[in-house]
Each structure stands twice: as C-alpha cells, then as structure tokens.
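Whatever order the structure lists them in is the order used to number ligands and atoms, beginning at 1. This chain uses plain numbering: 1 for the first residue, then up along the sequence. Keep in mind that the numbers below use all heavy atoms, side chains included, and drop hydrogens, waters and symmetry copies.
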Amino acid sequence: GRLCSKGVALAETLDDEGRMLHPQINGKRSTWDQTFELMAERFQHCIDTHGRDSVAMYVSGQLLTEDYYVANKLMKGFIGNANIDTNSRLCMSSVVAAQKRAFGADSVPCCYEDIDRTNLIVLVGSNTAWCHPVVFQRIRQAQINNPNLQIVVIDPRKTATCDIASMHLAITAGTDSLLFNGLLAYLNDKGEVNKPFIDNCVEGVEATLNAAYESSAEMTSLAEKCGLEFGELERFYALFARKEKVLTLYSQGVNQSSSGTDKVNSIINCHLLSGRIGRPGMGAFSLTGQPNAMGGREVGGLANQLTAHMDLENKEHRTLVQQHWESPHIADKAGYKAVDLFEAILDDKIKALWVIGTNPAVSRPNNNRVREAFSHCEFLVQLDCMQNTDTADLADVLLPASTWGERNGMVTNSERCISRQRAFREPPGSAMADWKIISLFAKKMGYHDAFSYESSREIFNEFAALSGKENNGSRDFDISACADLDEKAYDSFVPSQWPITYKNPAGTARLFTDGKFFTASGKAQMIPVTPKSAANPTTEKYPLILNTGRIRDQWHTMTRTGKSPTLSTHFSEAFVHIHPDDANQYKILTDDLVCVKSVWGEVTVRALIRDGVAKGMVFSPMHWNDQYASNAVIVCVVNADCDPVSGQPEFKHTPVCITPVKKAWYGFLLSRRQHDLSSQDY
Ligand SMILES: Nc1nc2c(c(=O)[nH]1)N[C@H]1C(S)=C(S)[C@@H](COP(=O)(O)OP(=O)(O)OC[C@H]3O[C@@H](n4cnc5c(=O)[nH]c(N)nc54)[C@H](O)[C@@H]3O)O[C@H]1N2
Ligand SMILES: Nc1nc2c(c(=O)[nH]1)N[C@H]1C(S)=C(S)[C@@H](COP(=O)(O)OP(=O)(O)OC[C@H]3O[C@@H](n4cnc5c(=O)[nH]c(N)nc54)[C@H](O)[C@@H]3O)O[C@H]1N2
Ligand SMILES: [Mo]
C-alpha cells in the first residue's frame, strides 16, 4: 500500500512515446521472422567458426523470473556455455559470494517483519530514504510504534536517511571491514558471545577473532583510521552489544567495493558470534536493488551459478539440471563475469552478444572500454522496451520488449518474497514478452521441444519442479509447491516467501531458525577478514575520491524515469556534489560547470557545493546518459577494478580531480521540441 516518488509519477511514463515498437536490423524496420532468421544464422555461424564459447548474453534484474529462467536455460543448457551474466554482478554479487561462504548458500535470513520487531537498525552503505523508500517508510513507522528503536547510519555522506537516525557514523570511505572487525573484537571482550550457538552451529570462530584483533587491536587508532571520534565509535559498539535485537541492513556502500565480499562477511561475523540470526528482529539483511535481483539469483543468472541455487562445479547438480531440461549440453565451467565479458569482446573471444533489459553503455565502469567493445563486437543485439538508449545506439539488431503493465510473471524481493506481476494493457506495436522472444529465437536455433511454452505459467511450473528435484531440504531454494499451479492459481498467487514446499505451502518467513546451515558440516562459517584499502588510492594528480550512486527521483540510466517532467524537478541536470572547502581549494564556484576527470575518462557536470559530502570526496549520480546530456556518463570516469571473489566493481571509489570548465558563452534554451544538441560541450 505504499509507493515511492517514481511509482507516483508512473503514469507520466506509461505512454508510447519513446517506446521501441518494431524489430530493426541496422536501423531498418524488419519482421520478427526475418530478425530471428538473421540472429540464428549469425549466432550459429559464430558457434561453427569460433566454438560455442564465442557467443554470450548479458541480462538483467529488470526481467521477470520466467524471462530470466528461459535465457539461462538457452545459454547454459542448449548453446552450452555459461557466458551469461547479469547486471546483478554490479549490484548483488558480493552478497551472493559472502552468503555462500557463511551459510553454504545464497540465503537471506531475514524478513521485513523484523523491522517491526527490532530494537536497533544499523544501515550500512544504504541511502534507504531515497533508494528503498518503501522500506524506509516502514522503518519510520516502526520508530513511531517502538520508542526503544534506535537507528544508526554508517555512510561517509550525510544522506536523507540520516534524518531519522540517532547516530550517523561518517566513516572514511572503505573502512567498513575495519569497523566491523573492531565490533567483533569488542563483542568478544564484553562477553557478548552466544556460547551454545557458537558451540553447536558455527565454525571458524577462533581464526576470525584472531584476524579481527589483528586489524583492530587498539580502539583509539581504530577510530582514527575509520575517521571517527573515539567516543562515537564506542557508543555504537556499546549500543550493538546492549540491544539483543539488532538488524543490520546494508546495500551498495558495502557491496560495490574491491573488498565487498569481505565487507559483507565482516558484518555477518558479528551476527554469528552474538547469535543474532534466525530469530525475530535480528540478522544481517541485504537490501536488494532491482525489482527482480533476487529472482535472477534463483534462476542462476550469474555466470558462475546454475539454476535453482545449484552449483556449476557440482557434477550431480549438472546432471540433475540437464535431465530436467533434456538438453544436449550443460555448461560445466563458469563464464565471463560482467566486467570481463566486455574485455573478452575486445580480445576477440566473444563475437556475438545479446543484451537484454540492461543498458551497459551507461552502467558498466570504465565505460569508454564498453563503447569500444560494442564497436568491435561482430554482432550486437539489444532487447529493450525503449528505442533510444546509449546501448541501442550501438547495436546491429534491436528487439522490442513489453514492459511493466504489459507483462505477466513473478518477481522476488529482498525478503525472498515471490509475487505476481499482472498485465493490464496490450504491448504497443510488435513488442512481446521477453520469454516469448527468447523462446522463439531458441526454436529458430532448432531447440523446438524445450522452448515450446504457451504461457509464463508453464515456465514457472517447470522452474518450480526443478527446485524440488532431489532436494529434501538439502538446498535452500525450494518452491516445489508451485510446480503444479494451474493458470487460475498462478494468476491469483498470493505473495509468499521461499522455501514454499508441500510441508510449508504458505512459505517461510525466516531461515536458520533451527541453527542448521547449508554448508557440508551444517554449520555456519565465520570468515577471517583482513581489511584492505581501495584498489586505486588517491594521488597528487587525482586527489579526490569519486563516490557514485543514486538520487531520489531517477531510476538508473533514466530510460523511463527521464520521460517524467515531475521527476526532473528534483534534479534537472547531472551534478557533482563538492564539499565547500574542496570547492575553495580547487577554485570552483556555485553552479560552475566542472570537469571531473580520472585516469579512465572525464565528464562535464554542474557543481553542487554544500555540506553533507566528506572533505576529499565528491559524489555524482549514476543516471545521466547521452540522450539527456552531452558528456555526463559518469561510468566513463569510474574505474573497473573488482572484488576478486565476487567480480563486483568498485563504483564507490575512483581517484579524480576537478577543474572549472572555461566557457566563452552560454545560454539557456526552453523549447517545446527536442533538439539535437549532441555537438554542444554542454
Ligand atoms: N531512486 C532510486 N532508487 C533505487 C535505484 C535507483 O536507480 N534510483 N536503484 C535500485 C538499485 S538497483 C540499487 S542496487 C539500490 C542501491 O541502493 P543504495 O545502496 O542505498 O544506493 P547508492 O546511492 O548506490 O549507495 C548507498 C550509499 O553508499 C555510500 N557509500 C559509499 N562508499 C561507502 C563506504 O565505503 N562505506 C559505506 N558504509 N557507505 C558508502 C554512499 O555515500 C551512498 O549514500 O537502489 C535501488 N533503488
Ligand atoms: N556509477 C555507477 N554505476 C552503476 C552503479 C552505481 O552505483 N554507480 N550501480 C550499478 C547497479 S547496482 C545496477 S543494478 C546497474 C543498473 O544498470 P542498468 O541495468 O544498465 O540500468 P537500467 O536503466 O535499469 O537498465 C534497464 C534497461 O531495461 C529496459 N527495460 C525496462 N523494462 C524492460 C522489460 O520488461 N524488458 C526488457 N527487455 N527491457 C526492459 C530499460 O529501458 C533499460 O534500458 O547499474 C550499475 N552501475
Ligand atoms: Mo543494483
């Protein structure tokens, strides 16, 4: 019953203006049949000449579970390689890797109801107020209902989320593991250890404590390294130790780091040692980004996963999936992760790429390389609902997808809750559902029987049956009770949290309530963490840290929210937020145009000078693209270093310099028509 600003403005984006209406080959309208014919021929040609590993897909958490499942089935089972990765690599992969290390599976322990039942909420690297506004409203309500509820925000920036917090720890960028290692040592010192839980359900305690003490032996120097006052650090630790019901919610300030996986484990470690997991009101709770980031993980959307939370490296799992699919092949080694995928194109390893529901020309770091890769790629296909995107501008073939309001299927949210999206209008032009387009292509490739779906319900049934196959509680993801939903039951599906089994057909609110985990020993693993600094430190030439993220009223690469005049009133231009002292030092005046430059690239954006961002750090939104600005694609500046475990890029930390842009003149144009201003500097 709650909405965010983008949801409220949705009606302004639902008309057909800017929609992609028909398939196109090299900019010319074609028919579906001609287009599939060409695609199949080009993909087959690549496979015949360069081997099956020479084709790839790059997909998205914007897709519904059924679309996502079919794409993975096609690549991993029929084309037969795992070169299918998703934009969730940029978003959630550090969480996936950390949860697998700690719990033996990618399982989110908590649920939203925990917000109503906790006494301390710690928000780490999350601007919940702007990025998860519905969760934020729930937190605010919980605060009103429960006077005991305290809220702590850990973020180098003072964000709108801090408005409801009793404590804001403006830590030095990248020092989260240090902070949580210190907390772990503190909890141990104060005897805040859940002995029975540790003895029966957890391994790796000693080694992890040793690593924590090693990096955080002395509280005063620890506070200094984290950029905090000793007193505030101690107050936070004491608060965490005192409140048994602690919920740690975390997001991209944690995940998008060259040590993101370790950061997540350093948080989980504290919850394991103190036994604050598997009970109401407590746990480490990852806030997922995209509408169906979780669904993507369930269908094995990442290049190192197999469907239904099964493992590519596990022979039994491979056999099980292959039998279920009756497929000629099954991928047996991990494919390229998102960042590597585009490098592989430049290395001539990938010849044909199909992009679905994501706009990498505006979202992948070191973006000048991506644009090069796209020009270099022999055959690039883009499946999207919008006609003019930066990625589409570089593609050989465009395919029109239906989108929200026109599509039917399932999505899963942060708390493992699967819910049904329902269509209420017909797609415009020739647009079709993603699963249908992928299936029709698969048939053209000769895979008739396996892709002869008549409805998204049939796909969901097949997926649900796979999740239950030889499972018996051995794998966390089990929705076998959905395997024989008929059309009516599928349409009226009530939101439910997995596992959804015949034993628990209404779903499961919390995991690990019995202290059993999905590791070989059945015990949770504490993971020793040695804090690391960012991949690229600042230098004399590039003295500032560029932090990037979101603003309240735009969604990612603006393909849809950019259409709404209302949403543009919040911020109408791309900007860089600079601390007044830094502005002073670099001679930048309010509203100046500035060049933000790194080793990798540069942009020209408006200077926003005010408090709230730390000295030495600047913040820029990720949203602006070539359709709405001349030179503001911030990922052209961002470095592409990744976490070595998860492959998630470090979007929050790039060394840059800023300089005022000299202009001979400038004017301000108001117009009813759109003009081509691409040749302008700004
Ligand atoms: N309005 C809006 N909402 C969205 C989206 C959108 O595009 N627009 N996208 C959705 C998606 S896909 C995602 S993934 C989520 C992301 O949701 P969030 O993660 O909440 O959003 P971000 O703005 O990327 O980053 C969060 C915060 O991390 C902080 N941060 C940077 N470095 C560090 C650090 O070293 N340590 C800590 N502790 N914090 C740090 C930043 O200052 C920033 O305030 O939002 C979702 N919601
Ligand atoms: N600098 C910087 N860059 C970042 C981040 C950051 O914090 N800073 N965050 C990263 C994160 S967490 C994320 S999740 C990514 C997001 O980055 P992207 O995935 O590139 O962003 P979106 O704009 O959501 O792209 C979705 C595309 O799908 C299309 N679309 C919408 N609905 C449908 C549909 O039903 N079917 C199909 N086929 N297409 C559809 C939209 O028009 C759009 O082109 O960005 C990453 N990049
Ligand atoms: Mo995301």
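- Among the candidates Tyr58, Phe441, Phe36, the single residue satisfying the ring pair (Phe, Tyr, Trp, His ring centres under 6.0 Å) test with Trp354 is Phe441.
- Atom 8 (N) of ligand 2 has its closest protein heavy atom at Thr548 OG1, 2.9 Å.
- For atom 20 (O) of ligand 2, the candidate residues are Gly405, Ser363, Ala401, Ser60; the nearest heavy-atom contact is made by Ser363.
- Closest to atom 33 (C) of ligand 1 by heavy atom, among Pro133, Gly125, Pro156, is Pro156.
- Listed by number with element, the atoms of ligand 1 under 4.0 Å from a non-hydrogen atom of Thr159 are 44 (O).
- Every atom of ligand 2 with a heavy atom of Cys91 under 4.0 Å away is listed here by number and element: 12 (S), 14 (S).
- Looking at Thr358 against ligand 2, both its backbone and its side chain come within 4.0 Å, counting heavy atoms.
- Residue-to-ligand polar distances place Asp384 within reach of ligand 2: an N/O pair is separated by less than 3.5 Å.
- Taking the six-membered ring where tryptophan is involved, the planes of Phe285 and Tyr112 are tilted, since the angle between them lies from 30° to 60°.
- In terms of N/O distances under 3.5 Å, ligand 2 is not approached by Ile356.
- Of the polar atoms of Thr128, none of the N or O atoms is found under 3.5 Å from an N or O of ligand 1, judged by distance alone.
- In this structure, Lys73 is positioned above the aromatic face of Phe451, its NZ or CZ under 6.0 Å from the six-membered ring centre and within 45° of the axis.
- Using a 30° and 60° split on the angle between ring planes, Phe619 and Phe575 fall in the tilted class, from 30° to 60°.
- Checking His556 against Ser363 by side-chain atom types alone, no donor-acceptor pair falls below 3.5 Å.
- Here's the thing with Arg157: one of its N/O atoms is less than 3.5 angstrom from an N/O atom of ligand 1.
- Of the polar atoms of Thr389, none of the N or O atoms is found under 3.5 Å from an N or O of ligand 2, judged by distance alone.
- Interface of Lys652 with ligand 1, defined as ligand atoms under 4.0 Å from a residue heavy atom, comprises 22 (P), 24 (O), 25 (O), 28 (O), 31 (C), 32 (N).
- Of all protein heavy atoms, the one closest to atom 37 (C) of ligand 1 is Asp176 OD2, 3.4 Å.
- Looking from atom 23 (O) of ligand 1 to the surrounding protein, the closest heavy atom is Arg550 N, 3.0 Å.
- Taking a cut-off of under 4.0 Å to the non-hydrogen atoms of Trp555, the atoms of ligand 2 that pass are 24 (O).
- At least one N or O atom of Ile154 sits closer than 3.5 Å to an N or O atom of ligand 1.
- Between Ile551 and ligand 1 there is a heavy-atom distance shorter than 4.0 Å.
- For Cys131, heavy-atom contacts with ligand 1 shorter than 4.0 Å involve the backbone as well as the side chain.
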(request) Could you walk me through whether Glu343 and Arg369 pass salt bridge (charged side-chain N to carboxylate O under 4.0 Å, His left out), step by step? (result) CA-CA 8 Å; Glu343 295 302 320; Arg369 289 288 282 179; 2.6 Å; yes

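- Taking distance alone, with nitrogen or oxygen atoms compared against 3.5 Å, Trp404 stays at or beyond that limit from ligand 2.
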Show me the donor-acceptor pairs, under 3.5 Å and distance only, between side chains in residues 642-651 and residues at least two apart or in other chains.
residue : atom : partner : partner atom : Å
Asp643  : OD1  : Thr261  : OG1          : 3.1
Asp643  : OD1  : Val645  : N            : 2.7
Asp643  : OD1  : Ser646  : N            : 2.8
Asp643  : OD1  : Ser646  : OG           : 3.4
Asp643  : OD2  : Gly260  : N            : 2.9
Asp643  : OD2  : Thr261  : N            : 3.0
Asp643  : OD2  : Thr261  : OG1          : 3.4
Ser646  : OG   : Ser94   : OG           : 2.9
Ser646  : OG   : Gln648  : N            : 3.1
Gln648  : OE1  : Ser93   : N            : 3.2
Gln648  : OE1  : Ser93   : OG           : 3.4
Gln648  : OE1  : Ser94   : N            : 3.0
Gln648  : OE1  : Ser94   : OG           : 3.3
Gln648  : NE2  : Leu90   : O            : 3.1
Gln648  : NE2  : Cys91   : O            : 3.2
Gln648  : NE2  : Gln252  : OE1          : 3.4
Glu650  : OE1  : Ser258  : OG           : 3.1
Glu650  : OE1  : Ala535  : N            : 3.0
Glu650  : OE2  : Ser258  : N            : 2.8
Glu650  : OE2  : Ser258  : OG           : 2.9

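- Ligand 1 has Lys6 within reach: a non-hydrogen atom of the residue lies less than 4.0 Å from it.
- Looking at Leu63 next to ligand 2, no N or O pair under 3.5 Å apart turns up.
- Only the backbone of Trp130 comes within contact range of ligand 1, with a heavy atom under 4.0 Å; no side-chain atom does.
- Inclusion of Gln290 in the set of residues having an N or O under 3.5 Å from an N or O of ligand 2 is not warranted.
- Counting only heavy atoms of the protein, atom 44 (O) of ligand 1 lies nearest to Asp155 OD2, 2.7 Å.
- Residue contact check: Ser402 has heavy atoms under 4.0 Å from atoms 34 (C), 35 (O), 36 (N) of ligand 2.
- At a 4.0 Å cut-off, at least one heavy atom of Lys263 sits close enough to ligand 1 to count as contact.
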(message) Please evaluate residues Met386 and Met20 with respect to the criterion side-chain contact (heavy atoms from CB on, under 4.5 Å), reporting the C-alpha separation (whole Å), side-chain torsions for both, the decisive distance (0.1 Å), and the verdict.
(response) CA-CA 5 Å; Met386 303 306 288; Met20 194 196 297; 5.9 Å; no

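- Only backbone heavy atoms of Arg552 (N, CA, C or O) come within less than 4.0 Å of ligand 1; its side chain stays farther off.
- Heavy-atom contacts of Ser126 reach the following atoms of ligand 1: 20 (O) (cutoff under 4.0 Å).
- Close contacts between ligand 1 and Gly174 involve ligand atoms 34 (C), 35 (O) [criterion: under 4.0 Å to a heavy atom].
- Of all atoms in ligand 1, listed by their number and element, those nearer than 4.0 Å to a heavy atom of Ala173 are 35 (O).
- Taking every heavy atom of Gly549 and a limit of under 4.0 angstrom, the matching atoms of ligand 1 come to 23 (O), 24 (O).
- On a distance-only criterion, Arg560 and ligand 2 share no N/O pair closer than 3.5 Å.
- Under 4.0 Å from ligand 2, not a single heavy atom of Val362 appears.
- The protein heavy atom nearest to atom 31 (C) of ligand 2 is Cys385 SG, 3.5 Å.
- At least one heavy atom of His623 sits closer than 4.0 Å to an atom of ligand 1.
- Ligand-side atoms of ligand 1 in range of Ser251: 16 (C), 17 (O), 18 (P), 19 (O), 20 (O), range being under 4.0 angstrom from any heavy atom.
- For ligand 1 and Gln554, the ligand atoms under 4.0 Å from any heavy atom of the residue are 1 (N), 2 (C), 6 (C), 7 (O), 8 (N).
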